[in-house]
Amino acid sequence: MTETLPHQARADLPPQWNPAEVEGELYERWVERGYFTADASSDKPPYTIVIPPPNVTGTLHMGHALDHTLMDSLTRRRRMQGYEVLWLPGMDHAGIATQNVVERELAKEGRSRHDLGREAFVERVWDWKAEYGGRILGQMRRLGDGVDWSRERFTMDEGLSRAVQTIFKRLFDDGLIYRAERIINWCPRCRTALSDIEVEHSEDEGELVSIRYGDGENAIVVATTRAETMLGDTAVAVHPDDERYRHLVGTEVELPLTGRRIPVVADAHVDPEFGTGAVKVTPAHDPNDFEIGQRHDLPSLTVMDERGNITVHGPFEGLDRFEARPAIVAALRQQGRIVAEKRPYVHSVGHCSRCDTVVEPRLSMQWWVKVEPLAKAAGDAVRDGRTTIHPPELAKRYFDWVDDMHDWCISRQLWWGHRIPVWYGPDGEVVCVGPDEQPPTGEGWRQDPDVLDTWFSSGLWPFSTLGWPDRTEDLARFYPTSVLVTGYDILFFWVARMMLFGLYAMDGRQPFDNVFLHGLIRDAQGKKMSKSRGNVIDPLDWLDRYGADALRFTLARGANPGSDMALAEEWAAGSRNFCTKLWNASRFAMMNGATVERAVPERDRLTDADRWILDRLDATVGEVDALFEGFQFAKLCDALYHFTWDEFCDWYLELAKVQIAEGGERAEATRAVLGRVLDVLLRLLHPVIPFVTEVLWTALTGGESLVVAEWPARAGAPADADAERRVIGAQKLITEIRRFRSDQGLKPGQRVAARLVGLAEAEQGGHEAAVRSLARLDAPADGFTASASLEVGLPGGTVVVELDLSGAVDVVAERKRLAKDLAAAEKELAGCEAKLGNPKFTDKAPADVVAKIRDRRDAAAADIDRLRARLAALPEG
RNA sequence: GGGCGCAUAGCUCAGCGGGAGAGCACUCGCCUUACAAGCGAGGGGUCGCAGGUUCGAACCCUGCUGCGCCCA
């Protein structure tokens with residue numbers, strides 16, 4: 001701890017911790033001093049995290065706050081440990097979301113993007129970004145995010161765009177990007193294709209309508225939830241083994257309303273158990289039907305346009321698909337073709353993850369990534385341990401997905417994004433253009449109008465942000481990144497895609513060594529937060545009211561691996577209280593001369609309490625270290641909370657008061673111990689609650705900043721088990737006296753004369769002053785008359801506490817307390833004896849377990865004897 | 001339909017073979033010279049149900065019920 005200068009701890013801290021007043025200024029100072037700026041040329045070991053880039057249109061929500069708190073804690077600790085830390089911030093351009101925002105803005109002016117034209121529209125989006133985009137970046141500062149602002153990146157920036165074009169070209173040349181006509185997920189509102197994972201399925205109420213196709217003995221009934229698509233039917237399919245329909249296979253039926261004749265085909269993929277066992281086949285509007293169509297060489301008939309309006313058949317032409325549905329059912333009913341209707345019929349329906357519009361499967365020409373070889377490599381990187389997923393249970397989910405990944409549709413019919421670098425020539429030429437190449441010019445050449453999926457560019461994030469495809473110093477230094485931190489819901493978006501591209505672009509080197517997946521934020525009842533539920537908690541609100549440290553501590557403390565966390569106002573208040581407690585305790589210690597200026601004396605000059613708290617501190621250092629390494633944020637916060645509040649504040653500070661009152665060398669030694677404990681404790685807490693610890697620590701030590709202070713190492717000295725046992729004994733003695741006092745209705749502040757008998761035998765000879773202070777007992781003076789007493793069994797002996805209550809003793813309360821203790825002891829004795837009386841137990845159980853039960857039995861028996869004697873001696877209540 | 005996970009104190013969750021725990025909430029007493037955003041003491045749980053394994057099960061196994069999530 002070389003940065004600690006001789007310093008007289010400041011005792012003039014304000015009486016209250018007021019985060020709002022200091023957080024902003026502290027943060028800006030950290031940034032100005034360059035603490036968060038990574039130095040690629042340093043010889044320290046690197047530690048890198050790239051932020052999962054938030055959406056440029058977004059603002060900070062609790063999920064970000066959690067994610068960022070964890071990343072900030074990890075990087076702050078590593079920085080203190082002497083790593084060259086790079087935590088790289090930035091945003092993605094969020095193609096659909098951003099385009100939606102700007103189009104909505106235009107709509108208010110009564111214009112569409114088509115009125116502006118492509119170029120002007122894109123310019124308009126840039127303008128929007130400059131003015132409104134990236135509000136989240138400012139909010140990150142309020143959280144305290146120690147990111148390297150000098151390396152901030154945006155997916156649409158020049159460098160990252162170059163990376164996109166480079167990898168597109170490379171994949172194209174390797175045959176891993178191709179163009180094909182298939183059924184894709186189409187959002188009729190966004191009017192673009194979506195990838196599979198941008199579709200969210202929900203159980204919705206619809207209708208199941210059974211329609212009779214054909215007539216007479218050739219009639220066949222099909223069931224559908226999407227009657228409107230029947231206009232595009234080009235076959236009816238049945239299972240080849242289905243006896244009911246065997247005679248119809250190969251024949252044709254008339255498709256109602258249209259008069260078209262369509263074949264009945266046999267296909268093994270038809271489920272004979274579903275509905276009537278016969279299904280309509282609409283190859284242009286259903287992925288399964290498309291497959292059937294391919295197998296049977298059926299035509300595909302598109303009957304809807306890109307807005308979801310019907311494009312065929314007079315009376316229905318121009319109708320929206322949801323208007324067309326009842327209209328077509330009505331028309332069929334009029335012809336007597338509706339055999340059955342089930343309504344509501346609950347079934348799974350896909351929705352656009354951006355705007356919630358029901359997705360329309362649509363046949364169209366799109367660009368695809370052939371994922372198989374890439375996904376294989378992504379799976380292998382985890383299988384062979386180059387990348388570790390935490391918690392490990394989630395690795396299975398990763399494998400399941402990666403090992404069965406479908407080709408990825410990457411083209412989007414949008415204007416905002418990276419335009420596909422492919423040019424089509426007048427004679428059907430297709431040319432993919434690399435970043436340093438000139439696109440073909442001349443009559444008839446045109447560029448593909450589509451842009452790439454945003455995930456295509458953010459999949460490059462772990463290396464494009466470091467300068468790839470150039471061989472930059474940053475890339476050499478900071479890749480692979482150390483850990484990716486994100487919610488498990490993003491596993492397929494982030495982790496999988498970054499793995500695919502990282503391994504491909506970086507010659508098999510994984511984009512991250514670790515993936516840490518945290519849970520999702522929920523409300524106090526464990527329900528998902530959503531605007532419609534109205535249970536959203538705004539982190540900025542808590543930031544205002546409780547401070548950044550309280551928000552961070554709440555989130556970190558709730559972060560149990562693999563499980564979601566419930567949040568409620570009281571949690572934040574509790575964290576705020578913790579910060580206040582730390583503040584008050586530190587201030588008190590400093591007012592009493594806590595110092596880091598003087599070395600802590602040798603063990604033999606220290607009291608039991610000193611040794612105990614130093615040992616506990618050392619154990620806590622080890623615990624916190626191990627928990628940090630395992631991403632066990634909730635547990636490490638609990639360990640720190642417990643040490644701070646229950647051990648340091650509730651016990652050591654109280655014991656220190658006694659030692660300081662003693663004066664002289666004892667007081668000086670105590671001040672040194674207080675200084676040491678506080679110094680180390682503040683360092684341990686700093687990654688999670690950086691603000692309050694910074695103020696306290698600089699006041700205590702005069703050091704420059706905790707941000708760049710050294711992380712504590714374990715002292716490693718063997719713990720003093722004797723001191724610990726004696727301190728625990730003193731705690732029990734004090735608690736028992738307090739309990740007696742409470743039962744007897746004595747006010748906490750009321751001092752009572754008492755005689756303590758048997759302290760030495762019970763190893764408490766050195767603790768009399770402490771016991772008297774903490775239990776508020778005065779020394780017996782002249783005329784002392786013991787009117788009540790209690791006994792406390794401790795290792796080594798029993799302490800008898802005789803008190804002069806100078807008034808009536810509440811015998812009823814006393815009897816009640818003793819009876820309760822007796823009942824507990826009797827239960828304990830019975831339990832132990834039952835075990836020991838069972839020869840199978842004494843034979844088979846390990847010797848140490850048997851010995852422990854014997855000890856417990858003996859202790860219980862002794863307690864029972866003592867308690868019975870006291871009860872008998874008690875006057876009648 | 002396939003897969004995964006969870007059921008422990010009023011609430012949110014730890015514990016995962018040998019004495020049922022924490023935070024918050026609750027009760028009682030306190031402005032005891034760091035802290036009422038606090039201090040001291042206390043109450044509260046057949047650990048979802050039914051079987052099984054074991055000397056011993058909240059913990060391991062099987063089944064059931066209820067809830068949640070992912071994928072199709």
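Reminder, nothing fancy here: chain letters follow the sequence lines and each chain counts from 1.
- B:rC35 and B:rG42 have their C1' atoms separated by 23 Å, with the value rounded to a whole Å.
- Nucleotides B:rU12 and B:rG68, compared at atom P, are 14 Å apart to the nearest Å.
- The side chain of A:N838 sits closest to B:rC55 out of B:rC55, B:rG3, B:rG38.
- The pair A:R545-A:E569 meets the salt-bridge criterion, since a charged nitrogen lies less than 4.0 angstrom from a carboxylate oxygen.
- Checked against the 6.0 Å centroid threshold, A:F516 and A:H390 do not count as a close aromatic pair.
- Rounded to a whole Å, the CZ atom of A:F588 is 14 Å from the P atom of B:rC39.
- Between B:rC24 and B:rG43, the distance separating the two C1' atoms is 16 Å to the nearest Å.
- Electrostatic pairing of A:D810 and A:R815 does not count as a salt bridge here, judged by no charged N lying under 4.0 Å from a carboxylate O.
- Atom CG of A:D271 is separated from atom P of B:rG1 by 11 Å (rounded to the nearest Å).
- Counting non-hydrogen atoms under 4.0 angstrom, A:T735 reaches the backbone sugars and phosphates but no base.
- With hydrogens and angles ignored, no donor-acceptor pair closer than 3.5 Å exists between the side chain of A:Q16 and the base of B:rA34.
- For A:D848 and A:K852, the salt-bridge test fails: no basic side-chain N is under 4.0 Å from an acidic carboxylate O.
- For the side-chain hydrogen bond (donor to acceptor under 3.5 Å, both in side chains) condition, no pair includes a residue of residues 834-843 of chain A, sequence neighbours left out.
- Contact of A:R576 with B:rA37 (side chain to base): a donor-acceptor pair of N or O atoms is detected under 3.5 Å.
- In this structure, A:K396 atom NZ and B:rC71 atom P are separated by 14 Å, rounded to whole Å.
- For B:rC11 and B:rG51, the C1' atoms lie 32 Å apart once the distance is rounded to whole Å.
- Taking atom P in both B:rC26 and B:rG21, one finds a spacing of 22 Å when rounded to whole Å.
- Residue A:N577 has no polar side-chain atom (N or O) positioned under 4.0 Å from OP1 or OP2 of B:rC35.
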With B for base contact, S for sugar-phosphate-only contact and - for none (protein heavy atoms under 4.0 Å), nucleotides 10-23 of chain B reads -SSSSS--BB---S

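- When distances run from any side-chain atom of A:K840 to the nucleotides B:rA34, B:rC55, B:rG42, the shortest one goes to B:rC55.
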Pairing string of RNA chain B (Watson-Crick or G-U wobble, both atom distances under 3.5 Å; | = paired to other strand) is ((((((((.[[[[.)..(..]]]].(((((.......))))).....[[[[[..)....]]]]]))))))).

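- In this structure, A:L517 places its CG atom 14 Å from P of B:rC70, rounding to the nearest Å.
- Both tests pass for A:R557 against the ring of A:Y641: distance under 6.0 Å to the centre and angle within 45° of the axis.
- One finds no salt bridge joining A:E833 and A:R857 here, because no Lys/Arg side-chain nitrogen approaches an Asp/Glu carboxylate oxygen to under 4.0 Å.
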Quiz prompt | Criterion side-chain hydrogen bond (donor to acceptor under 3.5 Å, both in side chains) on A:Y488 and A:D564, from CA distance to verdict | solution = CA-CA 10 Å; A:Y488 63 72; A:D564 294 346; 2.8 Å; yes

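- The gap from the P atom of B:rG29 to that of B:rC70 amounts to 50 Å, rounded to the nearest Å.
- Of the two residues contacting RNA chain B, namely A:S586 and A:R739, the nearest-nucleotide position lying further toward the 5' end is that of A:S586.
- A salt bridge is defined here as a Lys NZ or Arg NE, NH1 or NH2 lying under 4.0 Å from an Asp or Glu carboxylate O, and A:R182 with A:E291 fails to meet this definition.
- The residue A:Q632 sits apart from the nucleic acid: no heavy atom pair falls under 4.0 Å.
- Among the heavy atoms of the strands, none lies under 4.0 Å from A:C579.
- Using atom C1' as the reference point in both B:rC60 and B:rG15, the two lie 16 Å apart (nearest Å).
- Across all strands, A:D843 comes closer than 4.0 Å to no nucleic acid atom at all (heavy-atom distances).
- Contact annotation for A:K816: no contact, since no heavy-atom pair falls under 4.0 Å across all strands.
- A straight line from NE2 of A:H201 to P of B:rG68 spans 19 Å, rounded to a whole angstrom.
- Residues A:W17 and A:L582 have side chains not in contact (no heavy-atom distance under 4.5 Å, counting atoms from C-beta outward).
- Relative to the side chain of A:R397, the nucleotides B:rG40, B:rC70, B:rA34 differ in distance, and B:rC70 lies closest.
- Distance OH (A:Y488) to C1' (B:rC6): 11 Å, rounded to an integer number of Å.
- Checked by atom type, the side-chain pair A:Y546/A:D541 shows no donor-acceptor distance below 3.5 Å.
- Atom CG in A:L681 sits about 19 Å away from atom P in B:rA34, given to the nearest Å.
- Not counting sequence neighbours, the partners of A:F553 by the ring pair (Phe, Tyr, Trp, His ring centres under 6.0 Å) test are A:F578.
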Can you name the atoms? Protein N/O to nucleotides 26-32 of chain B N/O, anything below 3.5 Å, with the distance.
residue: B:rC30; atom: OP1; partner: A:K747; partner atom: NZ; Å: 3.1

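- Mapped onto RNA chain B by nearest heavy atom, A:V199 and A:L653 fall at different nucleotides, with A:L653 at the one closer to the 5' end.
- A centroid separation of 6.0 Å or more is found between the aromatic rings of A:W455 and A:W408.
- For A:W651, there are no ring pair (Phe, Tyr, Trp, His ring centres under 6.0 Å) partners at least two apart in sequence or on another chain.
- Put simply, CD on A:E569 is 13 Å from C1' on B:rA37, counting in whole angstrom units.
- With C1' as the reference atom, B:rU8 and B:rA57 are 14 Å apart, rounded to whole Å.
- For B:rC39, the OP1/OP2 oxygens have a side-chain nitrogen or oxygen of A:W645 closer than 4.0 Å.
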